[in-house]
Amino acid sequence: MNDQFIQIQFPDGKQQQYERGVTLTDIAHSISPSLSKKTIVGYVNGIPTDVGCQITEDAQISLYDAASKEGIAVVRHSTAHLLAHALKRIYPSIHFGVGPVIEDGFYYDVELDSPITPSDLPQIEKVMKQIINENVEIKRKEVSREKAKQLFAHDPLKLELLEDIPQDETVTVYEQDDFYDLCRGPHIPSTGKIQHFKLTKVSGAYWRGDSNNKMLQRIYGVAFATKDELRDYFVFLEEAEKRNHRKLGKELELFMFSEEAPGMPFYLANGQIIRNELESFLRNLQTKYDYKEVRTPLMMNQRLWEQSGHWDHYKENMYFTQVDEQSFALKPMNCPGHMLIFKNERHSYRDLPIRMAEFGQVHRHEFSGALNGLLRVRSFCQDDAHIFVTPEQIEDEITLALKIIDHVYKVFGFEYEIELSTRPEDSMGSEELWNRAETALENVLNNLGYPYKINEGDGAFYGPKIDIHIKDAIQRSHQCATVQLDFQLPDKFDLTYIDKQNEKARPVVIHRAVFGSIDRFLGILIEHFAGAFPVWLAPTQVQVVPVSQVHLDYCLKIQSQLRQLGVRVKIDDDEGKLGYKIRRAQMQKIPYIIVLGDEELKENAVNVRKHGEKQSISIPFKDFKENIVKQINDRSI
RNA sequence: GCCGACUUAGUUUAAUGGCAAAACGGUGGUCUCGUAAUCCACUGAUAAGAGUUCGAUUCUCUUAGUCGGCACCA
């Protein structure tokens, strides 16, 4: 009798008996018809499963609708199939690559003789919607390898994928109408369940992510459970576009680019002020931590780069020049220069740690297609430091480096996440050394009580590293700071110090950067603050606006007193209406506008309006001075 | 580097195989003013090169740059 029934357990622990071979849809329906309608996918004993699949054993199940993380992923995956289905109808000779789910949506890689352009997307969407209206059933089929080979005989990319499916794995094909695809699934039961999607962009993509392979065409799309979520997605993109640092950089006259130096930013007076503030902020902090700032040449003999290993590993990204029959290279990194400084004199263990810092301008020939405003450039300034330590000092020094990073990021209001990257496959150095280094990094993180994620095998070939990912104001993640242990460089440059036993010993080098690239960090800050910088960073901190020209003298007096305190003040002495000048200062996102007229003159007061606010208040000039100086000194945000 | 799109005045945007339009900015004048644009006038552009054409900013090709991806990211 028991053969006929199975026990189904639900997430809340309740159990129920069903007939053997029952489907998830049947189960959902038994609970409520509306549930069965909403259900997109089920997990059977933790395995994602089509709702139409028959269950033949006792099982734990959970059901998901489109609003769930599990459900929407399946909807997105099925939307990718829907896209492929539509493409097949429009371009019968098309070949398919892969079509996975990504954040917010999906893509499909296809091979087609004619290019698909953004203007083709509406037509493709139209066909997709037709197929949705047809509410085509999506059927899962298990097939033999032979059968699969036949089915995809005309689709060389799919055959390649088929080859890679492990022998012990069942090959499944999903079929909807005349379209079928090699796929593990699961999928939604029919195309009618797809509602809120949009195709977003087209691009090229190398087959299997390898630039040696041919380039396919990739079509991206997004899909959500509700219309609102879809709309929010595009609203978010618009918001992000308003903060775009390239746009704001132009509007606020922070920096520019020229065809004469692609990928190399020119800093205008406003942008340079911010850079200088960032630099001096960190410089002061580093002084407190007993760093010694140095400066090394931009260009050094090619020999040096051969010795450091850059010639072998990084030549393609370097700029070279020939002078007096000698080959020189623009430095892509500061480390070799710092090694030379270390070697410039003998060191005792008493000298260590040596914390050598440089705001070093480096040049890297990035691929033209990689350039992206300030975020990816060919020339940038690293807030680099190399800390030369004895093995025993590693943990303490890493701790100090992390403390500086924490201090700096708090000032900008950045939350951050830590990743520890361990030994990669092509690593150099003994396993013992690596284990010790990795343990050291873990100890530090544990002692500080920092949560962190481990990236197995993602370290540099010369040592493990800690990367810091900051979250900006609209929750985008950026990698900036890094702390890396290096055992190779000291070897390559034969660095030594004299230890307690009066013998030569090898120091360890810690590479660390806080901003990473000042240029990139500035780009991130522009977007983080949407161009409205905190007072200490703002290129102009106070804009003084006279009510009329007769108040200019008072304005000049106020300006001069603020300038004495180091405040960056401008007077808007153009003729023109007050309202117009307020507007202009607001658009420039200047933190404080002060309006001066008869009333202020009489009271020795200033009328203050903060950026972004509609109200203004009159306060004694003395109070304003004290306030703004405090804000600047505190670097408050 | 690869795929695709794009490049019009200082900036943002319009239009066209036959005189390239506007706003802001700038300049000159006007207004003498209390919190997001006083009014008027003037100024100024088809990325570079080649081709097709009677005629190209528009069509084609090349180059450069930019953007979205891919790849790269010691």
Side-chain angles (χ1 to χ4, degrees), chain A residues 102 107 109 112 114-121 200-220 237 241 244 246-247 250-251 253 256-263 305 308-318 332-336 362 364-373 375-376 382 424 426 428 459-463 465 479 482 484 486 488-489 511 517 543 545-551 574-588 593-600 607-618:
Chain A
I102 52 174
Y107 65 76
D109 283 351
L112 188 65
S114 58
I116 297 170
T117 71
S119 58
D120 297 323
L121 296 182
T200 51
K201 55 197 170 194
V202 289
S203 83
Y206 296 108
W207 170 235
R208 315 203 108 183
D210 185 340
S211 56
N212 295 315
N213 289 343
K214 66 181 147 198
M215 183 156 269
L216 307 180
Q217 303 192 59
R218 175 173 295 179
I219 302 178
Y220 285 92
L237 289 188
E241 188 49 35
N244 188 305
R246 289 170 293 211
K247 183 171 153 276
K250 207 180 267 183
E251 284 172 9
E253 296 177 65
M256 57 168 257
F257 284 93
S258 161
E259 280 193 23
E260 306 305 335
W305 306 103
S308 68
H310 287 88
W311 176 260
D312 287 338
H313 288 93
Y314 207 59
K315 192 171 47 199
E316 302 304 316
N317 284 295
M318 290 171 65
M333 289 174 212
N334 303 298
C335 346
V362 295
R364 300 180 181 179
H365 187 265
E366 301 288 350
F367 282 146
S368 55
L371 302 178
N372 177 353
L375 302 182
R376 191 74 181 272
Q382 280 185 316
D426 62 343
M428 289 179 73
F461 74 89
Y462 51 74
K465 59 177 183 174
Q479 203 234 297
T482 180
Q484 311 187 353
D486 191 341
Q488 298 307 315
L489 222 41
H511 306 248
S517 145
Q543 180 97 312
V545 181
V547 169
S548 81
Q549 296 290 7
V550 299
H551 305 111
D574 280 2
E575 297 193 7
K577 287 250 188 320
L578 179 59
Y580 176 73
K581 295 184 181 185
I582 298 291
R583 175 184 155 79
R584 177 152 62 189
Q586 290 280 20
M587 304 257 286
Q588 288 167 6
I593 304 170
I594 62 185
V595 174
L596 302 180
D598 289 337
E599 291 166 33
E600 290 72 27
N607 185 275
V608 185
R609 176 163 159 164
K610 271 179 138 172
H611 172 72
E613 291 184 2
K614 297 230 185 289
Q615 302 290 317
S616 69
I617 48 160
S618 272

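Naming: A, B, ... by sequence-line order, numbering from 1 per chain.
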Enquirer: Measure CD/A/E253 against P/B/rG26 and give the value in whole Å, please.
Expert: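 Going from A/E253 (CD) to B/rG26 (P), I get 10 Å.
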Enquirer: Between A/L121 and A/V202, is the side chain to side chain contact (heavy atoms under 4.5 Å, CB included) condition met? List the steps.
Expert: CA-CA 9 Å; A/L121 296 182; A/V202 289; 3.9 Å; yes
Enquirer: Taking atom CD of A/E575 and atom OH of A/Y580, what is their separation to the nearest 0.5 Å?
Expert: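 The distance works out to 13.0 Å.
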Enquirer: So what does A/G209 touch, heavy atoms closer than 4.0 Å: a base, only the sugar-phosphate, or nothing?
Expert: sugar-phosphate
Enquirer: When you measure from the side chain of A/Q543 to the backbone of A/Q586, do you find a donor-acceptor pair of N or O atoms at a distance under 3.5 Å?
Expert: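 A pair under 3.5 Å: no.
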Enquirer: According to a strict under-4.0 Å criterion, is A/K201 in side-chain N/O contact with OP1 or OP2 of B/rG69?
Expert: yes
Enquirer: Starting from C1' on B/rA71, measure out to OH on A/Y107 and report it in whole angstrom.
Expert: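 In whole Å, B/rA71 C1' and A/Y107 OH are 13 Å from each other.
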Enquirer: Between A/K250 (NZ) and B/rU11 (P), how many Å, whole number?
Expert: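 After rounding, the gap between these two atoms is 6 Å.
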Enquirer: Give a yes/no answer on whether the side chain of A/K581 brings an N or O atom under 4.0 Å of OP1 or OP2 in B/rG34.
Expert: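 False: A/K581 side-chain N/O out of range (4.0 Å or more) of B/rG34 OP1/OP2.
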Enquirer: Could you give the distance separating B/rG25 and B/rA37 at their C1' atoms, to the nearest angstrom?
Expert: 13 Å
Enquirer: Please determine whether a side-chain nitrogen or oxygen atom of A/Y580 lies at a distance below 4.0 Å from atom OP1 or OP2 of B/rG25.
Expert: yes
Enquirer: Indicate whether OP1 or OP2 belonging to B/rA36 is found under 4.0 Å from a side-chain N or O atom of A/R609.
Expert: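 Checking A/R609 against B/rA36: at least one side-chain N or O falls below 4.0 Å of OP1 or OP2.
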Enquirer: With sugar-phosphate meaning primed atoms plus P, OP1 and OP2, does A/E600 contact a base, only sugar-phosphate, or nothing at under 4.0 Å between heavy atoms?
Expert: base
Enquirer: Starting from Watson-Crick (N1-N3 plus N6-O4 or O6-N4) and G-U wobble pairs under 3.5 Å, report the runs of at least three that RNA chain B belongs to.
Expert: B:1-7 with B:64-70, B:10-13 with B:21-24, B:25-29 with B:39-43, B:47-51 with B:59-63
Enquirer: For the side chain of A/R364 and the backbone of A/P332, is there at least one donor-acceptor N/O pair under 3.5 Å apart?
Expert: yes
Enquirer: Once you apply a heavy-atom cut-off of 4.0 Å, does A/Q217 come out as touching a base, just sugar-phosphate, or nothing?
Expert: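 It contacts nothing in the nucleic acid.
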Enquirer: Round to the nearest Å and state the distance from A/I219 atom CD1 to B/rG69 atom C1'.
Expert: 13 Å
Enquirer: What is the distance from CD of A/E251 to P of B/rC24, rounded to the nearest Å?
Expert: 17 Å
Enquirer: Just to be sure I understand the rule, does A/S203 reach a base, reach only the sugar-phosphate, or reach nothing, if contact means heavy atoms closer than 4.0 Å?
Expert: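 Since a base atom lies under 4.0 Å of A/S203, the category is base.
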Enquirer: Taking donor-acceptor contacts at under 3.5 Å, does the side chain of A/R376 reach the base of B/rC72?
Expert: yes
Enquirer: Let me confirm one number: the OH-CD distance from A/Y462 to A/Q484, rounded to the nearest 0.5 Å.
Expert: 3.5 Å
Enquirer: For A/H365 and for A/K577, locate the closest nucleotide of RNA chain B by heavy-atom distance; then report the residue assigned to the nucleotide nearer the 5' terminus.
Expert: A/H365
Enquirer: What's the CG-C1' distance between A/D574 and B/rC33, to the nearest Å?
Expert: 14 Å
Enquirer: What distance, rounded to whole Å, do you find between the two C1' atoms, one in B/rC40 and one in B/rG4?
Expert: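 After rounding to an integer number of Å, I get 47 Å for this pair.
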Enquirer: Heavy atoms under 4.0 Å, any strand shown: does A/N317 hit a base, just sugar-phosphate, or nothing?
Expert: nothing
Enquirer: Quick check on A/E253: does its CD atom have over 12 non-hydrogen neighbours (other residues, nucleotides or ligands) under 6.0 Å away?
Expert: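 Not buried by this count: 12 neighbours or fewer within 6.0 Å.
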Enquirer: Mark up nucleotides 62-67 of chain B, 5' to 3', with B wherever a protein heavy atom is under 4.0 angstrom from a base atom, S wherever such an atom reaches only the sugar-phosphate, and - elsewhere.
Expert: --SSSS
Enquirer: Over all strands shown, is A/G579 touching base, sugar-phosphate only, or nothing at heavy-atom distances under 4.0 angstrom?
Expert: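 Answer is sugar-phosphate: A/G579 comes under 4.0 Å of backbone atoms only.
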Enquirer: Quick one: A/N213 CG to B/rC70 P, roughly how many Å, whole number?
Expert: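 Rounding to the nearest Å, CG of A/N213 and P of B/rC70 are 16 Å apart.
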Enquirer: Evaluate side chain to side chain contact (heavy atoms under 4.5 Å, CB included) for A/C335 paired with A/H511, printing each intermediate quantity in order.
Expert: CA-CA 8 Å; A/C335 346; A/H511 306 248; 3.6 Å; yes
Enquirer: Just checking A/A370: base, sugar-phosphate only, or nothing, at a heavy-atom cut-off of under 4.0 Å?
Expert: base
Enquirer: Okay, side chain of A/D312, backbone of A/G309: is any donor-acceptor separation there less than 3.5 Å?
Expert: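 Checking the backbone N and O of A/G309 against the side chain of A/D312, no donor-acceptor pair under 3.5 Å is found.
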Enquirer: Expressed as a whole number of Å, how far does the C1' atom of B/rC59 sit from that of B/rU52?
Expert: 8 Å
Enquirer: What nucleic acid atoms does A/F367 come within less than 4.0 Å of, heavy atoms only: base, sugar-phosphate, or nothing?
Expert: base
Enquirer: Nearest to the side chain of A/S211, heavy atoms from C-beta on, is which of B/rC70, B/rA36, B/rA71?
Expert: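 Selected nucleotide: B/rA71.
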Enquirer: Take the angle between the ring planes of A/W305 and A/H310 and call it parallel below 30°, perpendicular above 60°, tilted in between.
Expert: perpendicular
Enquirer: Report yes or no: does A/Q588 contribute a side-chain atom to a donor-acceptor pair with the main-chain N or O of A/A585 at less than 3.5 Å?
Expert: no
Enquirer: Can you measure A/D109 atom CG to B/rG69 atom P for me and round it to whole angstrom units?
Expert: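 Nearest whole value for this atom pair: 15 Å.
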Enquirer: Indicate, with a heavy-atom threshold strictly under 4.0 Å, whether A/Q615 touches base, sugar-phosphate, or nothing.
Expert: nothing
Enquirer: So which one's nearest nucleotide on RNA chain B is more toward 5', A/H551 or A/V202?
Expert: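 In this pair, the answer is A/H551.
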Enquirer: Supply the atom-to-atom distance A/I594 CD1 to A/S616 OG, rounded to the nearest 0.5 angstrom.
Expert: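 Result: 11.5 Å between the selected atoms.
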Enquirer: With rounding to the nearest 0.5 angstrom, report the CH2 to CZ distance, A/W207 to A/R218.
Expert: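 One gets 11.0 Å once the value is rounded to the nearest 0.5 Å.
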Enquirer: Should the side chain of A/Y206 and the base of B/rG69 be counted as holding a donor-acceptor pair, with the cut-off at 3.5 Å?
Expert: no
Enquirer: Which part of the nucleic acid, if any, lies within contact of A/E575, taking any heavy atom under 4.0 Å across all strands shown: a base, the sugar-phosphate backbone alone, or nothing?
Expert: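 Base contact.
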